[in-house]
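Every number for a ligand or one of its atoms is a count from 1 in the order of the listing. Just the heavy atoms: all of them, side chains too, but no hydrogens, waters or symmetry mates, feed the values below.
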Amino acid sequence: MNILVINCGSSSLKYQLINSASEEVLAKGLCERIGIDGKLTYQPEGGEKEKSDVSMPTHTEAIDAVIKALTNEKTGVIKSLSEVGAVGHRVVHGGEKFTSSCIINEESIKAIEECNDLAPLHNPANLIGIRACQELMPGVPMVAVFDTAFHQTMPEKAFIYGLPYEYYENYKVRRYGFHGTSHSYVSKRTAEIIGKPYDEMKIIVCHLGNGASVSAVDCGKSVDTSMGLTPLEGLVMGTRSGDIDPAILEYVGKKENKNIDQLMEVLNKKSGLLGISCLSSDGRDLEDAAAEGNAKAQLALDIFDYRVIKYVGAYAAVMNGVDAIAFTAGIGENNKELRKNVCANLGYLGVKIDDERNNVRGEERIISTDDSKVKVLLVPTNEELAIARETLALVK
Ligand code: ADP
């Protein structure tokens, strides 16, 4: 069966058509500037990437353009829409309602809408993508795969904040965690690569991209993760602050005469690597600048590494041990210095990294020495494939 995987944002949409039997990506691409002027990128397997201007006043025209590209006589990879067996949608927030993926129907759409409050930038956009697909592909089964679902196994002591309990009862203020599809996929792959049963292993996954989070996966279940009510908590990220003393908001708010919306904008968009370095949110830019002696760029990278070290240490403590640590996403897969620096501080756990094996980008492999007590791995994440697998499992 061919499965169309859709990751829909407010003005963009990423897609992949995956053959579920071979797990091959038949075609992929993205729609950008939806509601503005519209740009479609399309790349068939083994073919050239094409970029074209397509009018996309709404997401419906964007998805229509994707379908036309997939079925194009010359460059398409399928003859007609009937060759799409199912659609898998990434949905950011499933609140406490969704502990796993679900078939999309009117009832589940209503439940997703009820989570909009928790992710006002993301969930409404995800739902627009779902509605547009329903309109253009009536009768094709669809599945929602949630970023939060994998972390719903966290125990209460990990997800309740030190706040008045009524905030949880009244407003569902708690830690949810994100990147769940990636943490689930990478932790499972880690167990497979090592060749031990998933449900007997203690695994720490470091998903380090623009957004970044660490999770503790004990016997196949997420027991803690660094993001919280929103993706702002935890590690220092590209532009997000991660953990800070909440009293800073009042202090800086008064000094700079900023209201809460302006302060949140600073924490989400102007902090993290960008804020510290005063240069860039992109790890590559900072590596280049640091190599040329830029001290703030180096400091930003050091703080990034340091925060990862702290979370890995915390999660080894939470699980009372760790069998494997996996690095994934843009920075985790590409930055060997980061992996080396983090592992250099994990000697107390019995971590020994092999410099030769670590000298690699984006390739699935073990990077610890044979006698390392804890295995360290590089596992490229593949959220689209994970969504396609979840979709297949539910529509079969
Ligand atoms: P997201 O999906 O959260 O937007 P990614 O997982 O694509 O982010 O990660 C983006 C980060 O990965 C950026 O900081 C970027 O510098 C880093 N990155 C991506 N590719 C490379 C590379 N080849 N070398 C070093 N860093 C890279």
**Student:** Can you tell me how far the CD atom of E265 sits from the CG atom of L263, to the nearest 0.5 Å?
**Tutor:**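 E265 CD to L263 CG: 10.5 Å, rounded to 0.5 Å.
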**Student:** Which residue and non-hydrogen atom of the protein lie closest to atom 11 (C) of ligand 1, and at what distance in Å?
**Tutor:**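 Answer, as residue, atom name and distance: I331 CG1, 3.7 Å.
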**Student:** So, do H179 and H151 have ring centers that fall under 6.0 Å from each other?
**Tutor:**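 No - the distance between ring centres of H179 and H151 does not fall below the 6.0 Å cut-off.
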**Student:** Report yes if N334 has an N/O atom closer than 3.5 Å to an N/O atom of ligand 1; otherwise report no.
**Tutor:**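 Right, the criterion is met.
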**Student:** Within ligand 1, which atoms have a heavy atom of G211 less than 4.0 Å away?
**Tutor:**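 Reading through ligand 1 atom by atom, the close ones are 3 (O).
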**Student:** According to the interplanar angle, ranging from 0 to 90°, do the rings of H93 and Y176 count as parallel (below 30°), tilted (30 to 60°) or perpendicular (above 60°)?
**Tutor:**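 Correct class here is perpendicular.
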**Student:** Please tell me if atom 2 (O) of ligand 1 is touched by the protein, where touching means a protein heavy-atom distance below 4.0 Å.
**Tutor:**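 No, there is none.
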**Student:** Relative to atom 9 (O) of ligand 1, which among S182, A212, G330, G332 owns the nearest non-hydrogen atom?
**Tutor:**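 It is G330 that holds the nearest heavy atom.
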**Student:** Pick one of side chain, backbone, both or neither for how R361 approaches ligand 1, counting any non-hydrogen atom pair under 4.0 Å.
**Tutor:**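 Side chain only.
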**Student:** Please examine the side chains of D147 and V91, heavy atoms only from C-beta on, and report whether any two atoms are closer than 4.5 Å.
**Tutor:**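 No - every pair of side-chain heavy atoms lies 4.5 Å or more apart.
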**Student:** Please list the nearest protein heavy atom to atom 25 (C) of ligand 1 with its residue and the distance rounded to 0.1 Å.
**Tutor:**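 Going by distance alone, atom 25 (C) of ligand 1 is nearest to R284 CG, 3.3 Å.
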**Student:** Return a yes/no value for N335: is any of its N or O atoms, backbone included, closer than 3.5 angstrom to an N or O of ligand 1?
**Tutor:**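 There is no such contact.
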**Student:** Any side-chain to backbone donor/acceptor pair from S213 onto M227? Under 3.5 Å, distance only.
**Tutor:**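 Between the backbone of M227 and the side chain of S213 there is no qualifying donor-acceptor contact (under 3.5 Å).
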**Student:** Nearest to atom 15 (C) of ligand 1, what protein heavy atom do you find, and at what distance?
**Tutor:**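 The closest heavy atom on the protein side is D282 OD1, 3.5 Å.
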